[in-house]
Amino acid sequence: MAFGETKVYYDGSHYIAIPHTERPKRYRPQLVEEEITVVDTKEQGSDTDKATEPLIPCKTDETTTADKVITDNVCEAETAVTPPQNERKLTKRELFDELYREYIDLPKKERALKIMDGLFPYFDSVEQLKWYVDLGMERKYRNIVARRVRMVRKANLAGFNYFCTFTYDDKKHTEDTFKKKLKNKLSLLAYRQDWRYMGVWERSPEKKRLHFHGLFNVPDNAMVGEIVEKTDYSTVTHTMQTINLNTYFEERFGRNDFKELDKRLLGESLAYLMKYIEKTGERIVYSKGLYQYFISDIMDEDIVSTIGQEDKKLLLFDDFNCWDEGVLMGKVSPEVIKQMRKCN
């Protein structure tokens, strides 16, 4: 045995193994950022104007001495009151993330400039501000790459066979109940029927109607309801379209589409989901039971070559043998992978 307890993933073309290594744990203290006071400078409108108007007229020549005493006290109290301001305690990182989400639709350079404008009052120099924003933009980019890699590895091992779309129907739910009950139903199907899925929430560009797009692995004989073809008119493309409607979800949630996947459509569906999360920053919804790797011992004869940075990864033959603690489980296949231990 050449390598024991390796983590194996599928990149869409080949199986690649990452050998197990022992690394001493290092203590890395978490940096605690100092909080700053952020003042929202949005206009208060008519409420602010009303708050600054005197409740009692200030003294004039015609007022009596007693009136002058009263109005003097009132005017002094009014001048001491300042218009209400919305103050919040945030760290610079929290403010950066908030501004990043606010300007996420802008091109990268314009987004960075807008973020710099929002952070400018809290830095001593432009050089410090630019350095901080550059680090933040790089952090966001690394996070997106990590999310993309994790999503693709999970999808390639999950064996998805459907690309599904669920559309919010205001005759059956509010947006809150639609989102809550659909998530609950999918969780129950994952627990009871062994469904596996990943997806994102989005809104249509024009009508802003809420959707859920997801990749699903529905085991044989685990489909609920029936899949029927339905042809209707699309108001978006202004053409006739055919969808595969699930009767169970139509009755409870409204319009849906269960499109069968092959290898080509899986790649297109993954590209669509990745494009959406990178554009909007939306989080991916994962079911339990989706993993990036399975654990297997790897023999010398199953290794094509070493690859990756510093040759730390192993490129495997397409028919390599899977071993679990010295027991031969068989040549790699979806059935054998199901029996292997998994990890993330």
Side-chain angles (χ1 to χ4, degrees), residues 97-108 110-111 140-141 143-156 158 160-187 189-190 195-218 227 230 232-239 241-246 248-250 252-261 264-288 290:
D97 291 341
E98 187 177 290
L99 293 170
Y100 187 91
R101 288 192 297 269
E102 182 177 352
Y103 300 116
I104 197 166
D105 292 331
L106 297 178
K108 184 177 178 180
E110 293 182 26
R111 189 189 317 157
K140 288 293 186 181
Y141 176 75
N143 290 346
I144 287 177
V145 171
R147 293 171 67 190
R148 181 193 303 153
V149 170
R150 181 168 60 249
M151 184 178 71
V152 171
R153 289 180 180 177
K154 288 189 177 202
N156 285 330
F160 292 128
N161 50 9
Y162 286 97
F163 181 79
C164 303
T165 301
F166 303 92
T167 304
Y168 161 63
D169 187 345
D170 54 9
K171 295 180 181 178
K172 298 180 182 293
H173 292 282
T174 65
E175 285 195 356
D176 290 338
T177 59
F178 171 74
K179 199 169 185 178
K180 180 179 179 180
K181 291 188 176 182
L182 181 59
K183 287 172 65 176
N184 182 61
K185 175 54 63 177
L186 295 179
S187 298
L189 288 171
W195 284 35
R196 297 290 178 263
Y197 61 88
M198 67 167 63
V200 294
W201 297 94
E202 75 153 332
R203 294 184 181 275
S204 57
E206 295 180 359
K207 296 184 178 181
K208 303 298 180 182
R209 186 171 290 273
L210 187 64
H211 293 71
F212 180 76
H213 294 292
L215 293 164
F216 284 74
N217 179 357
V218 182
I227 304 295
K230 181 179 179 180
D232 57 10
Y233 181 76
S234 171
T235 58
V236 178
T237 60
H238 302 288
T239 58
Q241 63 178 1
T242 301
I243 62 173
N244 298 313
L245 196 70
N246 182 290
Y248 179 89
F249 286 97
E250 181 191 27
R252 290 161 177 79
F253 298 99
R255 185 182 181 86
N256 61 84
D257 186 12
F258 278 63
K259 184 183 297 182
E260 290 191 19
L261 285 177
R264 178 184 61 82
L265 288 177
L266 175 61
E268 293 179 358
S269 302
L270 280 173
Y272 174 81
L273 295 182
M274 282 189 287
K275 180 180 178 181
Y276 186 76
I277 64 173
E278 290 170 8
K279 181 180 178 182
T280 64
E282 185 72 33
R283 297 182 66 87
I284 305 175
V285 179
Y286 289 110
S287 67
K288 291 184 178 180
L290 290 179

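Using modelled atom types and a 3.5 Å distance limit, the side chains of Tyr141 and Lys108 yield no donor-acceptor pair.
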### Task
Kindly indicate, with the supporting measurements, whether the criterion side chain to side chain contact (heavy atoms under 4.5 Å, CB included) is fulfilled by Asn256 and Thr165.
CA-CA 5 Å; Asn256 61 84; Thr165 301; over 6 Å; no
#### Entry: Worked verdict on Tyr103 versus Glu110 for side chain to side chain contact (heavy atoms under 4.5 Å, CB included)
CA-CA 9 Å; Tyr103 300 116; Glu110 293 182 26; over 6 Å; no
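Remark: Asn143 engages Arg139 in a side chain to side chain contact (heavy atoms under 4.5 Å, CB included) (not counting sequence neighbours). With sequence neighbours excluded, no residue forms a salt bridge (Lys or Arg N to Asp or Glu O under 4.0 Å) with Arg153.
A donor-acceptor pair under 3.5 Å is formed between the side chain of Tyr168 and the backbone N or O of His173. Proximity of a side-chain donor or acceptor of Asn246 to a complementary backbone N or O of Asn244 within less than 3.5 Å is not detected. Remark: side-chain polar atoms of Asn217 are paired, donor with acceptor, to backbone N or O of Ala158 under 3.5 angstrom. Formation of a donor-acceptor pair under 3.5 Å by the Ser287 side chain with backbone atoms of Tyr197 is found in this model. In terms of modelled atom types and a separation under 3.5 Å, the side chain of Arg196 and the main chain of Val218 share no donor-acceptor contact. Checking side-chain atoms of Asn184 against main-chain N and O of Lys180 turns up no donor-acceptor pair under 3.5 Å.
Phe216 and Phe212 have perpendicular rings, their planes meeting at more than 60° on a 0 to 90° scale where under 30° would count as parallel. The aromatic rings of Trp201 and Phe178 stand perpendicular to each other, their planes meeting at an angle above 60°, with 30° marking the opposite boundary.
Between the OH atom in Tyr162 and the CD atom in Glu260 there is a gap of 4.5 Å [rounded to 0.5 Å].
In this structure, Lys172 places its NZ atom where more than 12 heavy-atom neighbours from other residues, nucleotides or ligands lie under 6.0 Å away.
Relative to the ring axis of Tyr100, Arg111 places its NZ or CZ within 45° and under 6.0 Å from the centre.
The shortest distance between side-chain heavy atoms of Asp97 and Lys140 falls below 4.5 Å. Taking the side chain as every heavy atom from C-beta outward, Leu273 and Ile284 never approach each other to under 4.5 Å. Put simply, the side chain of Lys185 reaches to within 4.5 Å of the side chain of Leu189, judged on heavy atoms. Residues Val200 and Val285 have side chains not in contact (no heavy-atom distance under 4.5 Å, counting atoms from C-beta outward).
Aromatic rings from Phe253 and Phe166 are positioned such that their centres are separated by 6.0 Å or more.
Results of the salt bridge (Lys or Arg N to Asp or Glu O under 4.0 Å) test with Glu175 over Arg203, Arg209, Lys181 single out Arg203 as the only residue that passes.
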